[in-house]
Amino acid sequence: MKRFFSILLCLSMILMMASCSGIKETKPSAEAFVVGFSQVGSESDWRVANTKSMATAFENDDEYEFLMENARQEQENQFTAIRRFILEGVDFIVIAPTVEEGWDTILAEIRDANIPVIIIDRSVAVEDDSLYLTNIGSDFLQQGKLAVEWIENDTPSDKELKILHLQGTIGATAQIQRTKALEDAVRTHSNWKIVSQLYGDFTEAKAYEVMTTYLKTNRDIDVLYSENDNMTFGAMRALEEAGITYGNGGQVKIITFDATKEALQYCHDGKINLCVECNPMFGPDVKSLIEKYRRGEAIPRHVHVNESAYTTQNITQDFVDSRAY
Ligand code: GYE
């Protein structure tokens, strides 16, 4: 009997603790609107910020149940996650595609299951655009053009300019468009030369590795065009170890994409010359598009988020401190 009472006491204490610690009662998913989100991975600070923005937009709202799957940068993992969402009967699917190609079949499967889809961040290249409702994310070509403009204005035009190009995941919209902007510009500037294109897969570790190997035999670089901040951090470490100076007054001018807080700080401190912004905080916009759709309102076919570019000259410490990601 004594044992029975102590078990009872323990149980009631656990229940009390649960209610005091604010553990939320989860709504049965039959009542909630279920959103399945297939995220690319966690390869960069940008991605981590984007995941957080998406999660907070939905998880703070009891009306929604948010299921997220991390594809670890593999398209095959996205297919597996999406097929699971279909089997589970989610109400809506959001996809941040790893690469542009290869989506026709899976998007047709989603349509056959009558589930609406939004593509976020990067794009998909499919024959039938009606397979998804809308695509929200950055204008990656415009970002590349901002970088090119900076090279035009801030490097000498009377001597050869050797550009080292660090590329992100090949086939991802962010890579395709940022590369296109640079390659197009090189064709029209006779003194610009891409000395090499190195594959960094948007990660710091890979960029550090390829840069370290490259710098063992090649040190003649004027500009580093790096397709995201984390690759830039890896490259900076490799340059330092090779004894090559960079940033304001250094040998290598650095251009980076994303403009996360850490990169902006380096830019403010003169270590990075140009940060082209790529805004990951569009979770609330994705949610409001879904809400519009649920209310039967029309939604635009393509939504671009607002972005700009920062240099040491136009960035303040207050701005860096206020950066949320
Ligand atoms: O620039 C990079 C991330 O697609 C915008 O992917 C995204 C890119 C971003 O890994 O940091």
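All ligand and atom numbering here is 1-based and tracks the order in the structure.
The aromatic rings of H304 and H302 lie tilted to each other, with the angle between the two planes from 30° to 60°.
Within ligand 1, the atoms closer than 4.0 Å to a non-hydrogen atom of R47 are 3 (C), 4 (O), 6 (O), 7 (C), numbered from 1 in the order shown. For ligand 1 and F202, the ligand atoms under 4.0 Å from any heavy atom of the residue are 2 (C), 10 (O). Short contacts between ligand 1 and S44, defined as distances under 4.0 Å to a heavy atom of the residue, involve ligand atoms 2 (C), 3 (C), 10 (O), 11 (O). Residue-ligand proximity, A174 to ligand 1, at heavy-atom distances under 4.0 Å covers atoms 4 (O). In the vicinity of R178, heavy-atom distances shorter than 4.0 Å reach the ligand 1 atoms 1 (O). Near F140, the atoms of ligand 1 lying under 4.0 angstrom from a non-hydrogen atom of the residue are 5 (C). Within ligand 1, counting atoms from 1 as listed, the ones closer than 4.0 Å to a heavy atom of D121 are 4 (O), 5 (C), 7 (C).
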Just do the side chain to side chain contact (heavy atoms under 4.5 Å, CB included) check on L107 and I95 with the steps written out, would you?
CA-CA 10 Å; L107 287 177; I95 305 172; 4.0 Å; yes
When you look at R295 and E297, which way does the salt bridge (charged side-chain N to carboxylate O under 4.0 Å, His left out) test go after all the steps?
CA-CA 6 Å; R295 288 195 299 267; E297 290 169 26; 2.8 Å; yes
Could you walk me through whether T179 and H165 pass the side chain to side chain contact (heavy atoms under 4.5 Å, CB included) test, one step at a time?
CA-CA 8 Å; T179 293; H165 182 189; 3.4 Å; yes
Could you please spell out the steps behind the side chain to side chain contact (heavy atoms under 4.5 Å, CB included) verdict for M54 and I120?
CA-CA 10 Å; M54 287 291 288; I120 69 159; 4.1 Å; yes
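Residue contacts with ligand 1 include C278, since one or more of its heavy atoms lies under 4.0 Å from the ligand. Distances from ligand 1 to the non-hydrogen atoms of M231 include no value under 4.0 Å.
Nearest non-hydrogen protein atom to atom 1 (O) of ligand 1 is D258 OD1, 2.6 Å. Protein heavy atom closest to atom 2 (C) of ligand 1, with residue, atom name and distance, is N228 ND2, 3.5 Å. Protein heavy atom closest to atom 10 (O) of ligand 1, with residue, atom name and distance, is E43 OE2, 2.5 Å.
Y266 pairs with exactly one of Y246, F233, Y310 by the ring-ring contact (aromatic ring centres under 6.0 Å, His included) rule, that one being F233. For the side-chain hydrogen bond (donor to acceptor under 3.5 Å, both in side chains) criterion with T173, the lone passing option out of R178, E100, R122 is E100.
Checked against a 3.5 angstrom limit, the closest N/O atoms of R122 and ligand 1 fall inside it. When only interatomic distances are considered, the shortest N/O to N/O separation between W46 and ligand 1 does not fall below 3.5 Å.
A cation-pi arrangement is absent between R111 and Y132, since the terminal nitrogen or guanidinium carbon is not both under 6.0 Å from the aromatic centre and inside a 45° cone about the axis.
Two rings, from F257 and Y225, have their centers less than 6.0 Å apart.
Neither the backbone nor the side chain of F257 comes within 4.0 Å of ligand 1, counting heavy atoms alone.
Hydrophobic clustering, with ILVMFWY side chains joined whenever heavy atoms are under 4.5 angstrom apart, groups F33 together with I299.
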